[in-house]
There are 2 protein chains.
Amino acid sequence: MKKKRPTLQDIADKVGATKMTVSRCLRAPDTVSEGLRERIFKAAEQVGYIPNRAPDLLSRATSHSIGVLVPSLTNQVFADVIVGIEAYTEPAGYYLMLSHYGYSPALEERSLASLLSYNVDGVILSDHNHTPRSLRMLETAGIPVVEIMDTHRQPLQQSVGYDNVKAAFDMVSAMIRRGRRQVVYLAVRLDERTQQREQGYRQAMEAHGLIPTTLHSTQRSSYSVGAALLEQVVINHPDTDGIFCTNDDVAVGAYFECQRRGIDVPGQMAIAGFHGHDIGQAMTPRLASVITPRQAIGKAAAKALLARIQGEPPAADIIDMGYTIETGGTL
Amino acid sequence: MKKKRPTLQDIADKVGATKMTVSRCLRAPDTVSEGLRERIFKAAEQVGYIPNRAPDLLSRATSHSIGVLVPSLTNQVFADVIVGIEAYTEPAGYYLMLSHYGYSPALEERSLASLLSYNVDGVILSDHNHTPRSLRMLETAGIPVVEIMDTHRQPLQQSVGYDNVKAAFDMVSAMIRRGRRQVVYLAVRLDERTQQREQGYRQAMEAHGLIPTTLHSTQRSSYSVGAALLEQVVINHPDTDGIFCTNDDVAVGAYFECQRRGIDVPGQMAIAGFHGHDIGQAMTPRLASVITPRQAIGKAAAKALLARIQGEPPAADIIDMGYTIETGGTL
DNA sequence: GATTTTCGTGTTACCGGTAACATAATAAAT
DNA sequence: ATTTATTATGTTACCGGTAACACGAAAATC
């Protein structure tokens, strides 16, 4: 007894034409005679016609949609990137299919299979670490792929982002230049970018003859992890005079803990974060941070992807969007 | 010259069977003889077969996907809700199609059309304010709809959330009970929930014979807007002794501004937020806030939606997930 | 050994748009 | 007035899975 949703045929029946004519009328109204046109539009309105992409998707294997895989949606970094992507895809008439995989390559594989099963025309990936089957699927799908948030490694096809190693190196160098000697790196989780930042940190420390120290937490990033890591710094590395945090959440959490413990920032302790989130920029003192152009990265990635979907050759393998070192008030 | 992606027929050709047998083999391996089964799996592996949902979507008009419309992805509130939704849909094998519409009903209409054109089996909406065409589309699509984040108004079909009016009333009442008399409401943007909270705020104030005052900002919510609003409070309403903020971002921004101005919190100024975000819970003093069960709401909404997609009658029109008043250290 | 059941596989048709081609009607050109 | 171009509409086939049904062969039952 359930009514199924109206089709072109339903409209055609109402006006005494074929669905082909209706199809034409809806897509290019002036190829249809005026009287009929009006009746078709009225009928479409009456039955409440909703376009259906399924046939298109099946017959042309083009969906006018692109897949976006991010590790986490609650991570502000990727939320910003998505906004940037959509700023480009939406006006272009492309639909975004989002998935997140919680930093797990196995889940990424599942999500990717799902996206591809919907015949997305291209995908944007946020990691370099893919399962063999993921790589295989991308290959046989034969669609353009853009990787984001890293320009350090050779991309599958094309990447848009910034150099995490260099950014970390620059920030830590700035800290050292300002007289810090015992700078500790605070890391959470073990994703690739965390490690790349550690690499940059190490390079900077070693370039100045200083000994690098990293404190890891296996938990996911949060303010409280930042606080907990700072506690560890105080207990296990009491002569630390600066911390470089893998992101702003950790940095802000550490800052709060400094406040609670009466540690003067930046007097006794310099703090630097990564990404330049609102919270760090709004607090006083302003948090030193590597400001990454997340929305711009999303936009550029979408632009590069759509260009290739439309058949243009890739402009460049690696598109570096750079970053800005904000020294704020905590160095 | 581009190779198209492999189909069941390609596998069938390789093993000398029909695509029907291959289809069966992949979905129910033990209905196919052992020898053939092995050859099919090998061939599938070889050609790199990727499942294709398009035919299913076309012939059965069921996509095993649900549409989720949220006003904003960068808003932590909705990011949390989405995580909750996915926690339920992912194990159930449903795919999530996300869209955001920037608090604009017109954009919501576009996004909704897009979702429906992909034949989603159900939708989760985050607002009550829909265009007539949106309502019409939902009607003709004939799919289950669940609205989230509000239980105050009568839902289209079913809603999952909490009562914004009552929550605001409770929080403001708590402030008054602790001796605050000049409580100002800080609002951003003019979405429905902001107004509902204002309503609750007014009711609480009036119930105690106090005069409600609202300060609006038309900008989108951010820490800096919170700071700017607090500045207005100080200038235009100098005898204010408490602020109730429409969300935690504004509250934290206002708190930072108090710090900068040397206003003692909570001594001179009580501050309360809404939603109980990490940042407020991590700072010292802990921010008073209405803690909303966002993930639980997402999960319950997904559960209710899937149940109805699978033909069960709705358990209840309105599912109230409640909230918790956290008085923290800023009251 | 004849009948029935089970099992493995094949055949056909369908979903709903639209590209490609065909056709009828009218207008323009010669 | 005849040919040619133009316009408006119709016909057919297709995309890739799978439900529904058909069928032959082997296994089980009597």
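Each chain gets a letter, A, B and so on, in the order the sequences are listed, and its residues count up from 1. Basis for what follows: all heavy atoms, side chains included, without hydrogens, waters or symmetry-related copies.
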[atom1] of [X] to [atom2] of [Y]: how many Å apart, nearest 0.5 Å?
X	Y	atom1	atom2	answer
B:Glu109	B:Arg136	CD	CZ	12.5 Å
A:Tyr94	A:Asp121	OH	CG	5.0 Å
A:Met97	A:Ile66	CE	CD1	11.0 Å

Worksheet entry | D:dG16 phosphate, OP1 or OP2, under 4.0 Å from B:Tyr49 side-chain N/O | no

Worksheet item: Short question: side chain of A:Ser114, backbone of A:Ser111 - any donor-acceptor pair under 3.5 Å?
Response: no

Practice prompt. Return yes if some donor-acceptor pair links the side-chain N/O of B:Arg37 with the main-chain N/O of B:Asp30 below 3.5 Å, else return no.
Written response: no

Mind calculating the distance between [atom1] ([X]) and [atom2] ([N]) to the nearest angstrom?
X	N	atom1	atom2	answer
A:Arg53	D:dC15	CZ	C1'	17 Å
B:Asn52	D:dT18	CG	C1'	13 Å
B:Leu57	D:dG17	CG	C1'	11 Å
B:Ile11	D:dG17	CD1	P	8 Å
B:Leu58	D:dC14	CG	P	16 Å
A:Asp10	C:dG17	CG	C1'	13 Å
B:Ile50	D:dG16	CD1	P	13 Å
A:Gln9	D:dT12	CD	P	14 Å

If only side-chain N and O atoms count, and only distance matters, is there a donor-acceptor pair under 3.5 Å linking [Y] with [X]?
X	Y	value
B:Thr21	B:Thr18	yes
B:Thr292	B:Arg294	yes
B:Glu192	B:Asn129	no
A:Arg220	A:Asn75	no

Item to complete: Compute the ring centroids of A:Tyr95 and B:Tyr118, then answer whether they are less than 6.0 Å apart.
Response: yes

Practice prompt. Using a cut-off of strictly less than 4.0 Å between a heavy atom of the residue and any atom of DNA chain C, enumerate the qualifying residues of residues 30-46 of chain A by number.
Written response: none

Worksheet entry | Contact residues, residues 15-27 of chain B to DNA chain C [heavy atom, < 4.0 Å] | B:Ala17, B:Thr18, B:Met20, B:Thr21, B:Arg24

Item to complete: From the options B:Asp10, B:Val22, B:Leu26, select the one residue that forms a side chain to side chain contact (heavy atoms under 4.5 Å, CB included) with B:Tyr49.
Response: B:Leu26

Item to complete: Between D:dG17, C:dT18, D:dC15, spot the one nearest the side chain of A:Ser59, thanks.
Response: D:dC15

Item to complete: Find the bend of the helix from C:dG1-D:dC30 to C:dA29-D:dT2 as the angle between its two terminal axes (five pairs each), to the nearest 10°.
Response: 40°

